[in-house]
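Convention: sequence-line order gives letters A, B, ...; per-chain numbering from 1.
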Amino acid sequence: MSKIIVTAALPYSYSIPHLGNFVGSVLPADVYHKYLVMGGEDAIFICGSDQHGTPIEIRAMERHQKPEDFANEMHLKIKSVFERYDCTFTYYGKTHTDQNKEVVYEIFDALQKNGYIVETHSTQAYCNIDKRFLIDRFIEGTCPFCKSDHARGDQCDNCGRLLTPSEIINPKCKICSKSDISFKGTKNLAIKLDSLEPKISEFIELNSRNNWPKAAKNKSQSYIKEGLKPRDITRNMDWGFKVPLEKFHDSVFYVWFDAVIGYIGITKEWDGRKWKSYWTHKDTKLVQFMGKDNIEFHTLMWPGILIGANLGFVLPTTIKSAEYLTSNSEKFSKSRGIGLDLEKCLGILPSDYWRFALMYVYPETSDSEFSIDLLREIVNNIMNDKVGNLIQRVLKLSIANKGLVKKIRIQNEYREAHDKIVAKYKDDFSNFRLREALHSLVELATLGNTIISERKPWESTKKASSDGEVANELSDIFGTLLAISYEIGIMIWPFCPNASENILKHFNVSDTPSLKMLSMEVSVNLEDEPKQLFTKMTDSQIAGLQK
RNA sequence: AGCGAGGUAGGGUAGCCUGGAGUGCCCGCCGGGCUCAUAACCCGGAGAUCGGAGGUCCAAAUCCUCCUCUCGCUACCA
């Protein structure tokens, strides 16, 4: 059996991710990984906190903390939030570890030996007060075009023009707010993506056949068409992994470099022995989830690093990039729209609700609109009325007619419709259509609801005691409805593990669900009164989100 | 400006790669059924010149060209 590594883009250890970040990578990766687990695959799910980079260093400084302490503090918070959303990583690690450092050094050495590292020289803004180089957006001043006072070194938010730091009039350092800035020459190391271009191009050509979204394929190809350039992998700063060369003793590896390598480093952190068998096995499938803003890192730079190092690490098989969740057609972000910090959301609704609602609108093929109204619609009408209520009516009906419940299986009459839906659910997952898989599940619930309405079992239950034929027919109907409920209990597991557990305990199942269980014979426990699976959103919950 | 993605009933989407009657889904609206279930469920209906214009084709939402609008990215944000 081939091994599968599922990864989600590493969240930056700076703040708690918002719903948009979550739905873009960690959530679908977790759902997909859970499905693989159900299928009995040898699949590991790796993620972790990205801990280096200037923003973290500065933030730590402001809080009078060491960058490492701040990054670790955030790391634990982020990890805990994901866990409370029932994400079951094989391992959730971080990038600032000895293990990751070892892998980074090993890869860097190999890149150097293979001739893919080159020295670059550039001029960079330097704050004489803070005694450090400044990244472009830490320079603030007057825009040379529109004269706005709040232009940054990379861009002016007022007029939208792209800028370079030297263009800014009266530049100030964002850290100390002083304007004692000079421009100094600095040297860096870069990876020669230009030399690696033919192989990267070949990789994209070949692997993009594995269900890459349109955006991932086209964006990558368009970069290739423009021609790749060497890209810096070091920075002149303190926080990060020191470059192991005397000449670069005052530089560290650039955060994006050790972040992508972090996928390997974190696996090594997980298991010092097994990590290699996953990353270097030739049949391993590497499935990577991310937002579309991360595409080029995963389709160009990351494969470039792996190909250049030539250490036998597997290349990404499937790049599963997501579009954006939007609010009034604009990209989700904390500064706009509703309060959608993951921590806060969990205070209002349990994780199953968010997992379901977010996957129901997972922006798989295009940006997807999300709003509190839509959330309420999904929770109230889909989760509660269609799915939850079906389970309730089936169980209550069966309890009221215990004597008529015989074999739990789909009646011939409904087999075709049923099989089609279950097959579609599996097919959706195989082709990475995760939202569709959830929609298929809802379709199965609708089938159950339709069967009840069509057959009206409550009408004939009285006749059943005297009429054997009626009794048999009712047994078939109850068997069908219970089978559907049981299957929903299994199929909903990747999306809503808690609801799954609640359904399956009525069928005397306490193990982790598997696809094999779909065709297994089960019994039903009709002694315990069923509890409502989901509840509708209340006005106060809605008000809580709007705040 | 360049590049990428998108524009499909009142709203939200799928279909587009691989052309075959506007085919599907959710909400909303109108009508009916049902009363097992959480005032839930089921059935039927109205509602779309598939952003616009041209082209290819027996046939275009789907392929090609141009235009237009929206969002995103543009390598020192990670």
Side-chain angles (χ1 to χ4, degrees), chain A residues 9-14 50-56 122 124-125 133-139 152-155 161-162 164-165 186 188 193 213-223 225-226 228-232 235-236 254-256 259-260 291-297 300-301 321 323-324 326 329-331 360-361 363-371 373-374 376-378 380-382 384-386 388-401 433 435-436 439-440 442-443 445-446 448-459 461 481 530 532-536:
Chain A
L10 308 187
Y12 196 51
S13 240
Y14 183 80
D50 176 8
Q51 299 188 292
H52 295 139
T54 309
I56 285 176
S122 58
Q124 204 182 349
F133 285 99
L134 298 172
I135 59 172
D136 289 0
R137 54 181 193 135
F138 278 148
I139 312 236
R152 292 190 319 251
D154 55 346
Q155 182 176 6
R161 275 203 174 76
L162 299 178
T164 55
T186 177
N188 277 304
L193 293 177
K214 223 188 245 183
K217 189 176 177 181
N218 293 352
K219 222 174 166 182
S220 313
Q221 284 175 338
S222 106
Y223 275 107
K225 224 166 116 187
E226 276 173 44
L228 299 179
K229 301 172 200 158
R231 182 152 175 151
D232 285 355
R235 275 287 159 275
N236 193 310
Y254 190 14
V255 54
W256 72 262
V260 288
K292 65 177 165 188
D293 51 340
N294 256 318
I295 290 173
E296 59 266 35
F297 283 97
L300 304 169
M301 280 100 109
S321 60
E323 301 295 307
Y324 288 133
T326 59
S329 300
E330 285 181 13
K331 180 184 175 182
Y360 201 79
V361 298
E364 226 158 358
T365 49
S366 64
D367 289 352
S368 250
E369 188 66 16
F370 192 71
S371 63
D373 279 344
L374 185 59
R376 178 174 49 188
E377 188 185 304
I378 296 169
N380 292 4
N381 304 342
I382 311 294
N384 183 71
D385 293 349
K386 279 212 161 44
N389 181 42
L390 171 73
I391 305 295
Q392 188 83 350
R393 60 199 300 215
V394 169
L395 286 174
K396 284 211 170 173
L397 208 50
S398 303
I399 288 170
N401 299 286
R433 293 188 297 254
R435 177 175 52 181
E436 273 309 297
H439 288 214
S440 298
V442 174
E443 221 178 297
T446 299
N449 281 317
T450 308
I451 292 173
I452 302 188
S453 293
E454 254 176 24
R455 306 298 289 267
K456 303 184 175 58
W458 57 87
E459 275 183 359
T461 46
L481 293 172
Q532 231 177 278
L533 197 60
F534 302 117
T535 54
K536 294 198 183 201

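The shortest distance between the side-chain N/O atoms of A:S366 and the OP1/OP2 oxygens of B:rA14 is below 4.0 Å. Within the structure, every side-chain polar atom (N or O) of A:R435 is placed at least 4.0 Å from both OP1 and OP2 of B:rU13.
Spacing between atom NZ of A:K214 and atom P of B:rA5 amounts to 7 Å, rounded to whole angstrom units. With rounding to whole Å, A:Y360 atom OH is found 12 Å from B:rA14 atom P. Here the P atom of nucleotide B:rC71 and the CG atom of A:D367 are 11 Å apart, to the nearest Å. In this structure, CD of A:E436 is placed 15 Å from C1' of B:rC16, rounded to the nearest angstrom. Atom CG in A:N401 sits about 9 Å away from atom C1' in B:rC36, given to the nearest Å. Distance A:I378 CD1 to B:rU13 P: 11 Å, rounded to the nearest Å. If you take CD of A:E377 and P of B:rG10, they are 17 Å apart, rounded to a whole angstrom. Computed from coordinates, the A:I295 CD1 to B:rG4 P distance equals 12 Å when rounded to whole Å.
Distance noted for atom C1' between B:rA21 and B:rG51: 23 Å (whole Å). Rounded to the nearest Å, the gap between the P atom of B:rC16 and that of B:rC63 is 9 Å. Nucleotides B:rA59 and B:rG22 place their P atoms 13 Å apart, quoted to the nearest Å. Distance check on atom C1': B:rA9 versus B:rA46 gives 10 Å, rounded to whole Å. Taking the C1' atoms as reference points, B:rG24 lies 8 Å from B:rG15, given to the whole Å. On the C1' atoms, B:rA61 is 39 Å away from B:rC34, given to the nearest whole Å. Here the separation of B:rG52 from B:rG6, taken at their C1' atoms, is 16 Å to the nearest Å. With P as the reference atom, B:rC41 and B:rC77 are 50 Å apart, rounded to whole Å.
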* To do: For RNA chain B, produce a single dot-bracket line, 5' to 3'. Pairs: Watson-Crick or G-U wobble, both distances under 3.5 Å. Symbols: ( ) within strand, [ ] crossing, | other strand, . unpaired.
  => ((((((((.[[[[[)....(..]]]]].(((((.......))))).....[[[[[..)....]]]]])))))))....

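Between A:K219 and A:E296 there is a salt bridge, with a side-chain nitrogen of the basic residue lying less than 4.0 Å from a carboxylate oxygen of the acidic one.
Using modelled atom types and a 3.5 Å distance limit, the side chains of A:E323 and A:S366 yield no donor-acceptor pair. Using a 3.5 Å distance cut-off with no hydrogens or angles, the side chains of A:R376 and A:N381 do not pair a donor with an acceptor.
The closest side-chain heavy-atom distance from A:L481 to A:I451 is below 4.5 Å. With contacts defined as side-chain heavy-atom distances shorter than 4.5 Å, the pair A:R235/A:N188 qualifies. Counting heavy atoms from C-beta outward, A:S368 and A:R435 have side chains that approach closer than 4.5 Å. Side chains of A:P530 and A:K396 form a contact here, defined as non-hydrogen atoms less than 4.5 Å apart. Contact of the A:K225 side chain with the A:Q221 side chain is not registered, since no non-hydrogen atoms from C-beta on lie closer than 4.5 Å. At least one side-chain heavy atom of A:T54 sits less than 4.5 Å from a side-chain heavy atom of A:F138. In this structure, the side chains of A:E369 and A:V361 stay at 4.5 Å or more apart for every pair of heavy atoms.
Within the 4.0 angstrom heavy-atom criterion, no nucleotide atom of any strand lies near A:T461. Note on A:K456: only backbone sugar-phosphate atoms sit closer than 4.0 angstrom, heavy atoms only; bases stay farther off.
Looking at the side chain of A:L397, the nearest of the listed nucleotides B:rC36, B:rA75, B:rG4 is B:rC36. Across B:rG4, B:rU13, B:rC27, the shortest atom-to-atom separation from the side chain of A:K219 is found for B:rG4. Distances from the side chain of A:E459 to the nucleotides B:rG4, B:rU35, B:rA14 place B:rU35 closest.
Below 30°, between 30° and 60°, or above 60°: for A:Y14 and A:Y12 the angle between ring planes is below 30°, a parallel geometry. Ring orientation note: the planes of A:H439 and A:Y360 are close to parallel, at an angle under 30° on the 30°/60° scale.
For the pair A:R231 and A:W256, the distance from NZ or CZ to the six-membered ring centre is under 6.0 Å and the angle to the ring normal is within 45 degrees.
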Give me the distances for all protein-to-nucleotides 76-78 of chain B N/O pairs that come in under 3.5 Å?
from, atom 1, to, atom 2, distance (Å)
B:rC76, O2', A:D136, OD1, 3.3
B:rC76, O2', A:D136, OD2, 2.2
B:rC76, O2, A:Q124, NE2, 3.3
B:rC76, N3, A:Q124, NE2, 3.2
B:rC76, N4, A:S122, OG, 3.2
B:rC77, OP2, A:D154, OD2, 3.4
B:rC77, O4', A:R137, NE, 3.4
B:rC77, O2', A:R137, NH2, 3.1
B:rA78, OP2, A:Y254, OH, 2.9
B:rA78, O3', A:D50, OD2, 2.6
B:rA78, O2', A:D50, OD2, 3.1

* **Base-contact (B) and sugar-phosphate-only (S) positions in nucleotides 38-45 of chain B, heavy-atom cut-off under 4.0 Å, - elsewhere** => B-SBSS--

